[in-house]
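Just below is one structure, and these are the notes that go with it.
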Amino acid sequence: MGIFMFNRFQHYLSYGSTDQQTVRELSDYFDGLIVPGTIAAFQAEGTRGFVLSLSARSNDPYVIDPRFPLFQNRLGTPKKSHVMLADVLGAPELINRSFTPSPRDYNDALIRNVASHWIDFNVGFENVQVKTFDKYAARLKEPVLPQNRQDPAFVLPPYTMVDNEGDGWADVSDRLWNASVEYARAKGMSSKLRRVIAASSATTWGRLASKHSDDELVAWISGLDEFRVSSESELVSYGLALRECASRNQRVFALYGGFLSVLFSRHGLSGSSHGIGFGEYRDWVELPTSGAPPARYYVPKLHRYIGVDIAEVIWREFPELINCECTECSGLSPSDMDYHGLMQHSVRVRAAEIKKWLYMPTPQVIEELQRDARDFRMAIQRLSAPPKVVRRAEESCTHLTMWARVMSSLDLL
């Protein structure tokens with residue numbers, strides 16, 4: 001039986017170097033960290049120092065995501081983090097600048113090499129220079145002993161994104177898994193491995209999951225945006241796939257998920273991860289640029305981030321729709337909050353959402369979503385703002401009735 005990611009509903013945060021203060025100060029408001037492999041490779045010593053000092057303080061679990069679908073892209077101008085992750089995997093040839101890789105590129109030698117290097121990287125992750133550990137431990141402002149640092153709670157072997165079952169990538173993913181198990185077994189640590197299944201659709205993901213007997217699975221459905229109204233049928237398919245896993249006694253943790261993943265716990269989802277200020281979903285196609293998330297305000301009644309400017313407009317006329325009672329808000333308007341306050345507010349609110357909604361009966365969930373959608377629509381109709389602003393405000397709440405329909409559909413199926 002698993003620990004950490006697969007106990008009750010687990011709320012993990014995806015770690016970024018700009019998130020250190022929030023993570024350090026609010027560790028009681030989440031259950032663990034997902035460390036992107038790109039960050040672990042590129043900012044290696046600093047990431048180790050921060051994550052390990054945190055784990056030594058309170059046994060906070062963490063897992064490193066290999067982000068391997070990155071290498072299914074043609075990387076014409078690879079970032080330094082891409083190059084360094086390929087080096088960690090012992091395979092600089094994973095960087096393809098001139099063509100899109102294909103499953104045929106993955107011979108057995110490459111598979112074994114990547115699998116072994118990734119496991120060795122995880123095994124050695126707790127090795128950090130004393131001065132680096134002490135630097136980050138000092139920021140915790142309490143005694144932290146280096147001998148209490150933890151290794152990763154689980155190891156996620158490299159995996160691929162599967163578009164359809166016949167595209168060849170599922171076979172590559174299975175071969176990476178098998179090579180990882182073989183190498184880990186020789187090191188006496190195969191029990192720490194957890195399989196990631198990544199697919200471009202919920203239906204494909206469900207079919208792939210049904211082919212494996214693992215008790216615990218990690219899920220990534222590329223581009224599954226729970227706020228997009230057109231995602232409705234895909235979200236229903238996702239809920240059904242999770243329910244089928246539960247019928248096989250398989251527990252599933254989602255690498256990406258927002259508020260809706262909390263509601264999907266009743267259909268078998270055991271937890272999810274998201275970034276601070278972003279990351280409720282992710283498309284596997286690599287973005288040309290990345291960086292810290294923009295300053296946005298997480299609206300508790302909408303269960304989503306919206307622009308600070310739109311939140312401010314609504315707050316001025318209908319503060320009851322925007323107000324939050326968390327420590328960071330303290331009666332402040334959205335525009336009065338600084339970036340750090342906005343990020344901490346979002347983490348506190350997600351923790352409160354889990355407490356309130358996790359075990360709420362489904363009929364009540366549907367009723368509250370419909371009521372909040374109705375309240376926002378009525379308020380926006382009376383909003384004194386330019387048409388463009390009103391339109392953006394309208395778009396911010398359309399997902400609520402869609403979620404109610406998804407929950408209702410799953411309740412009837």
Under 6.0 Å between the ring centres of Phe68 and Trp118? no
Under a plain distance cut-off of 3.5 Å, with no hydrogens placed, do Asp411 and Ser408 share a side-chain donor-acceptor pair? no
Donor + acceptor pair across side chains of Glu226, His399 (<3.5 Å): no
Is Lys187 paired with Asp120 through a side-chain N to carboxylate O contact shorter than 4.0 Å? yes
Nearest-0.5 Å distance that lies between atom CG in Leu400 and atom CG in Leu302: 5.5 Å
Output all residues satisfying salt bridge (Lys or Arg N to Asp or Glu O under 4.0 Å) with Glu142, sequence neighbours left out; order by chain, then residue number. Arg57
Answer yes if the side chains of Asp225 and Ser231 hold a donor-acceptor pair under 3.5 Å, and no otherwise. no
Ring-ring centroid check His345 Tyr297, cutoff 6.0 Å: yes
Taking Ile197's backbone N and O only, do any of them form a donor-acceptor pair with Trp205's side chain (distance below 3.5 Å, no angle check)? yes
Verify the ring-centre separation between Tyr305 and Tyr298: is it less than 6.0 angstrom? yes
Without hydrogens or angle criteria, can the side chains of Ser272 and Ser261 be said to hold a donor-acceptor pair below 3.5 Å? yes
Does a side chain donor of either Gln250 or Asp214 reach within less than 3.5 Å of an acceptor in the other side chain? no
Do Ser335 and Glu312 meet the criterion of a side-chain donor-acceptor pair at a distance under 3.5 Å? yes
